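Since the structure comes first, as structure tokens, the remarks are kept for the end.
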Amino acid sequence: MAVSAACPAFQLGRPRYDQSSFLGRLKHFVEIIDPSTLFVSERRLTECINLLDDFKRGTLPPGVSDLQLWEAQKVKQAIIHPDTGEKIFMPFRMSGYVPFGTPIVVGLLLPNQTVVSTIFWQWLNQSHNACVNYSNRNATKPTPTSTFLQGYFGAVTSAVSLAVGLNVLIQKANRLSPATRMIIQRLIPFPAVASANICNVGLMRHIELSEGVDVLDGNGNVLGSSKIAAKHAIMETAFTRVVLPMPIFVLPPIVMSYLEKLPLLQTNRRLLLPIHSLVCLATFSLSLPLAISLFPQMSQIDVSQLEPEIAMATDCKVVTYNKGL
């Protein structure tokens, strides 16, 4: 097989790009969230899985290139959960996060929100987030339905309470000018969503803190379950969930406050919603890969930081665990 700088030699289960650098992780996750994988047929998915199985068994047909193998792995990683081996429901895949999440973001950022509309959009957003978090979790340990429901209701409650509370405070702030009040009201979704996202990840995955997550040696062998690695995984995921909504809920309101003053939009108010939607889509599309690239999905941790029983079970200096997305 021909190998070039643009297409390195294929390694089964390993990322195509260097995960020790932010740029390498960014390239990796841009592929993972590629919306085109949402349209992969069942036949194409089966072909990709079979091709990777042939590579693993050493029975690869002649003429298959490294690029074809990388593409096959990209398709499988976008659709199949790495721990369960099962298909992730389309709206809850990372590749579906932007297409299915953008309408919710647009709703959250609509001006002149009522209490009812605020509650509805916050509920819908956290419902989507809860399903995405659950579908892309570290699944080396089973998660009871009660844990999912606990995280779901905790996130919804925190998001709705904070968003409604802030809206009420702003409405009572008589000293603010109407323009200032509108800008602040548009920024309210960010602290509500960010705090709820932390709650969502923590409650949805708190069972990992008590049972741990599997840690692997350099050959992919399970060394044991580590509560310390689980803590790192949850903290890293929660941090990305705070960074992710920052540009999504801050930039569009600022951009729209300027665009709305343009003569074109002053005379054509019907264009406001489509332009607002496009601004949200562009911001979301840029923010998602940047946020999840902060940490590699298969994170590493020094054995010296883990539990003594795991440290004694291997000669490896560093072990790997699935952080989740």
Side-chain angles (χ1 to χ4, degrees), residues 10-17 19 25 28-61 64 66 68-97 100 128-148 151 201 204-205 207-208 211-226 229-230 233-234 236-237 292 295-300 319-325:
F10 179 75
Q11 298 182 68
L12 184 64
R14 299 293 180 90
R16 177 175 174 179
Y17 305 101
Q19 297 298 283
R25 294 194 296 272
H28 170 70
F29 284 117
V30 163
E31 288 197 342
I32 294 295
I33 66 171
D34 180 1
S36 68
T37 59
L38 295 173
F39 304 101
V40 170
S41 65
E42 191 68 33
R43 179 180 176 182
R44 170 61 177 157
L45 175 61
T46 301
E47 289 175 353
C48 291
I49 293 174
N50 290 339
L51 192 62
L52 296 172
D53 287 342
D54 288 342
F55 178 87
K56 186 176 182 178
R57 290 191 297 262
T59 57
L60 201 63
V64 176
D66 287 298
Q68 287 176 289
L69 290 167
W70 285 121
E71 285 295 321
Q73 182 161 276
K74 168 188 171 179
V75 169
K76 182 181 178 181
Q77 287 179 336
I79 300 173
I80 305 296
H81 193 285
D83 295 330
T84 65
E86 298 176 355
K87 288 178 65 176
I88 300 173
F89 186 45
M90 186 186 293
F92 308 142
R93 298 173 193 166
M94 292 309 293
S95 56
Y97 202 20
F100 289 96
H128 183 234
N129 283 345
C131 292
V132 170
N133 287 339
Y134 181 80
S135 299
N136 294 279
R137 72 199 184 282
N138 181 310
T140 55
K141 297 289 184 297
T143 303
T145 304
S146 59
T147 300
F148 171 80
V201 172
M204 291 281 293
R205 298 178 57 178
I207 194 170
E208 296 174 26
E211 296 193 5
V213 296
D214 287 352
V215 291
L216 315 173
D217 63 15
N219 297 318
N221 300 313
V222 178
L223 299 173
S225 295
S226 170
I234 292 174
E236 290 170 354
T237 304
I292 60 178
F295 306 100
Q297 181 175 358
M298 298 304 295
S299 291
Q300 294 185 324
V319 293
T320 305
Y321 61 91
N322 178 12
K323 172 185 68 67
L325 285 175

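None of the values given here were measured: they were computed from a predicted structure.
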Ignoring hydrogens and angles, tell me if any N or O in the side chain of [X] forms a donor-acceptor pair with the backbone of [Y] under 3.5 Å.
{"X": "Gln19", "Y": "Tyr17", "result": "yes"}
{"X": "Asn50", "Y": "Thr46", "result": "yes"}
{"X": "His28", "Y": "Pro296", "result": "no"}
{"X": "Thr237", "Y": "Ile234", "result": "no"}

To the closest 0.5 Å, what do you measure between [atom1] ([X]) and [atom2] ([Y])?
{"X": "Phe39", "Y": "Asp34", "atom1": "CZ", "atom2": "CG", "result": "10.0 Å"}
{"X": "Asp53", "Y": "Lys76", "atom1": "CG", "atom2": "NZ", "result": "6.0 Å"}
{"X": "Leu52", "Y": "Arg57", "atom1": "CG", "atom2": "CZ", "result": "10.5 Å"}
{"X": "Ile80", "Y": "Ile88", "atom1": "CD1", "atom2": "CD1", "result": "8.0 Å"}
{"X": "Glu71", "Y": "Phe10", "atom1": "CD", "atom2": "CZ", "result": "11.0 Å"}
{"X": "Gln11", "Y": "Asp66", "atom1": "CD", "atom2": "CG", "result": "10.0 Å"}

Shortest non-hydrogen contact from [X] toward [Y]:
{"X": "Lys74", "Y": "Glu31", "answer": "CE-O, 3.6 Å"}
{"X": "Lys323", "Y": "Phe295", "answer": "CE-CB, 3.8 Å"}
{"X": "Thr37", "Y": "Ala78", "answer": "OG1-CB, 3.6 Å"}
{"X": "Val213", "Y": "Ala230", "answer": "CG2-N, 3.7 Å"}
{"X": "Tyr321", "Y": "Ala229", "answer": "CE1-O, 3.8 Å"}
{"X": "Ser225", "Y": "Asp214", "answer": "OG-OD1, 3.1 Å"}

**Report entry** Candidate pair Arg44 and Glu47, rule side chain to side chain contact (heavy atoms under 4.5 Å, CB included), full reasoning
**Finding:** CA-CA 5 Å; Arg44 170 61 177 157; Glu47 289 175 353; 4.0 Å; yes

Query raised in the report: Are the side chains of Met298 and Asn322 in touch, meaning some heavy atoms are under 4.5 Å apart?
Result: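 Touching, per the 4.5 Å side-chain cut-off.
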
Report task. Describe, in one word, how the ring planes of His128 and Tyr97 are oriented to each other, choosing from parallel (under 30°), tilted (30 to 60°) and perpendicular (over 60°). Result ->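 Judged by the thresholds at 30° and 60°, the geometry between His128 and Tyr97 is tilted.
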
Report task. Mind running side chain to side chain contact (heavy atoms under 4.5 Å, CB included) on Ile292 and Ile32 for me, showing each step along the way? Result -> CA-CA 10 Å; Ile292 60 178; Ile32 294 295; 5.8 Å; no

Requested in this report: Could you point out which residue of Val64, Leu60, Leu69 forms a side-chain contact (heavy atoms from CB on, under 4.5 Å) with Asp54?
Outcome: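 Exactly one pass, corresponding to Leu60.
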
Report task. Begin from the C-alpha positions of Phe29 and Gln297 and carry the test side chain to side chain contact (heavy atoms under 4.5 Å, CB included) through to its verdict. Result -> CA-CA 9 Å; Phe29 284 117; Gln297 181 175 358; 4.0 Å; yes

Query raised in the report: In this structure, are over 12 heavy atoms from other groups packed under 6.0 Å from Arg43 atom CZ?
Result: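 Result for CZ/Arg43: open.
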
Requested in this report: May I have the step-by-step check of side chain to side chain contact (heavy atoms under 4.5 Å, CB included) for Val132 and Phe89, ending in yes or no?
Outcome: CA-CA 9 Å; Val132 170; Phe89 186 45; over 6 Å; no

Report task. Could you list all the salt bridge (charged side-chain N to carboxylate O under 4.0 Å, His left out) pairs where at least one residue sits in residues 84-95, not counting sequence neighbours? Result ->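 Listed once each, the pairs are Glu42-Lys87.
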
